[in-house]
2 protein chains.
Amino acid sequence: MKKIVPSRSKREDSLSRDKIVEASIALLDQHGDAGLTFRALAAELQTGPGALYWHMEGKADLVIAACDALMTQILASALATPQDTPEAELHAIAAGIYDAIDQRPWLASALTQSTGGMPVIRLFEAIGQRVSALGLPDGRQWQAASTLLHYILGVSAQNAAISVFAKQLKLDRQTSLEEAASVWAALDPRDFPFSAAIAGRLATHDDRQDFVDGVDLILAGLRATGGTAR
Amino acid sequence: MKKIVPSRSKREDSLSRDKIVEASIALLDQHGDAGLTFRALAAELQTGPGALYWHMEGKADLVIAACDALMTQILASALATPQDTPEAELHAIAAGIYDAIDQRPWLASALTQSTGGMPVIRLFEAIGQRVSALGLPDGRQWQAASTLLHYILGVSAQNAAISVFAKQLKLDRQTSLEEAASVWAALDPRDFPFSAAIAGRLATHDDRQDFVDGVDLILAGLRATGGTAR
DNA sequence: ACCTGAACACCGTTCAAGT
DNA sequence: ACCTGAACACCGTTCAAGT
């Protein structure tokens, strides 16, 4: 007299925080920033929008949870292969974030929205651990970690904006960079001498390499001023 | 036989891009990010929401225009008193942005939304002009300007987030920093050794001074690696 | 305990119609 | 040329009611 336990089979496709986060990421990947709505999410999970509120506090919570899942993943895979130096590990972290945001441009605005939340703390921590391994004076460590954090998020976000712009115009990356460069070059050189002059570099430079080099620039600054902690 | 010209008196309180931008800023100052809606804006200007579309392309245009008006103003007043060195001018620019975002936290997200738009180009240009006066090799100038740009916007935005957080809890700045610090200190030190250890510094450090010092850190890095342009 | 889905209080944007 | 305001197609969130 076996008894089928309906609560079991029900649990299998019942909602859960993880399933909601997974579906959110899929929705964001498919339709970008605007693709994540409670109605679309509910439809995807074959439920009503109200059900989601049992598992999530609201939209902000949802966005942060999606970011956090990815941030954990990004950092884990960036640090999976061990590096010889803290500098090399910082390179790996920076490149990991850059590539992740390049692949999922919505991450840039999502991370911005979750300022102060767990995903950013996680990244800050990963950076900070390497910074503290550099042997800087205590007074510099906060500054070092936050400078690197903002540099990494800021440049990655800027890059994502170019990617989105490219997709909107259905251009490949190179063509859209040239497009952006020509907009800059068209600025009045009396008001925008620097931007107009440097426009050419936009189209020809290797963003990713420049980006990773920027990490070294900040590290060099730390070393150069390392003796004098304030 | 004088004739009253009705079109004149009508023009006086007719709509204009400038008036809309001015009202937008007022609305954002009063009610923050969520305060800017076409309906509220129309009510303020005693018109219908549709009328605004004669002067603005849409909400994105509106946000960028509001940012641009303030950015122009911020840069003008930051550079009003002449400085002896490009470094000092960069300090003034950085401090100007920091203070403006501290005063109007909504600027942080508004500037993020206008990535690639005129307000950010304006800031990039102002930074770039000082960077090019530093006499760095050509290959470093792009990197220098964009590193400074992202550092300035990123740290200012982070700071604004703390301000908003403080206002929500109706705490003064010091109390809320201590609040934030205690959240960090409560992180599991096995997973977050760096953040937990540095939490104390959150409440005691002088953010603004640290911020301006960070500009010097980046400049020092540029000088230290200045010989080798890639 | 967990889910449903109608309802509430909003949005940005459009557009026929006015002046 | 410029403005009006109703209408359209959405939002996030709540909550009585179900199982």
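So that the names make sense, note that chain A is the first sequence line, chain B the second, and so on, each numbered from 1.
- Listed by chain and residue number, A/S195, B/Q129 satisfy the side-chain hydrogen bond (donor to acceptor under 3.5 Å, both in side chains) test with B/E125 (two or more places apart in sequence, or in another chain).
- Contact check of residues 31-42 of chain B against DNA chain C (heavy atom, cut-off under 4.0 Å) returns B/L36, B/T37, B/F38, B/R39.
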Return the polar atom pairs (N/O with N/O) between nucleotides 17-19 of chain C and the protein under 3.5 Å, or none.
none

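- Stem regions for DNA chain C, each three or more consecutive Watson-Crick or G-U pairs with both distances under 3.5 Å and listed by first number, read C:4-8 with D:12-16, C:12-16 with D:4-8.
- Legend: residues meeting side-chain contact (heavy atoms from CB on, under 4.5 Å) with B/D33, ordered by chain and number and at least two apart, are B/W106, B/S109.
- Aromatic ring pairs are classed by plane angle as parallel below 30°, tilted from 30° to 60° and perpendicular above 60°; the pair B/Y151 and B/F211 is parallel.
- Taking the side-chain contact (heavy atoms from CB on, under 4.5 Å) definition, one finds that B/S16 meets it with B/D18, B/K19, sequence neighbours left out.
- For the contact set between residues 50-58 of chain A and DNA chain D, defined by any heavy atom under 4.0 Å, the members are A/G50, A/Y53, A/G58.
- Within a heavy-atom distance below 4.0 Å of DNA chain C, no residue of residues 60-69 of chain A is found.
- For the C1' atoms, the distance linking C/dA1 with D/dA17 amounts to 15 Å, nearest Å.
- Scored by the side-chain hydrogen bond (donor to acceptor under 3.5 Å, both in side chains) test, B/T115 finds no partners at all (sequence neighbours excluded).
- Under the side-chain hydrogen bond (donor to acceptor under 3.5 Å, both in side chains) criterion, B/D191 pairs with no residue, sequence neighbours left out.
- One side chain, A/D213 or A/Q209, offers a donor N or O that lies under 3.5 Å from an acceptor on the other.
- Residues from residues 109-118 of chain B that place a heavy atom under 4.0 Å from any atom of DNA chain C: there are none.
- Closest approach of B/A42 and B/P49 over heavy atoms only: CB-N, 3.5 Å.
- For the side-chain contact (heavy atoms from CB on, under 4.5 Å) test, residues two or more places apart in sequence or in another chain that qualify with A/L148 are A/L90, A/I127, A/V131, A/V215, A/I218, A/L219.
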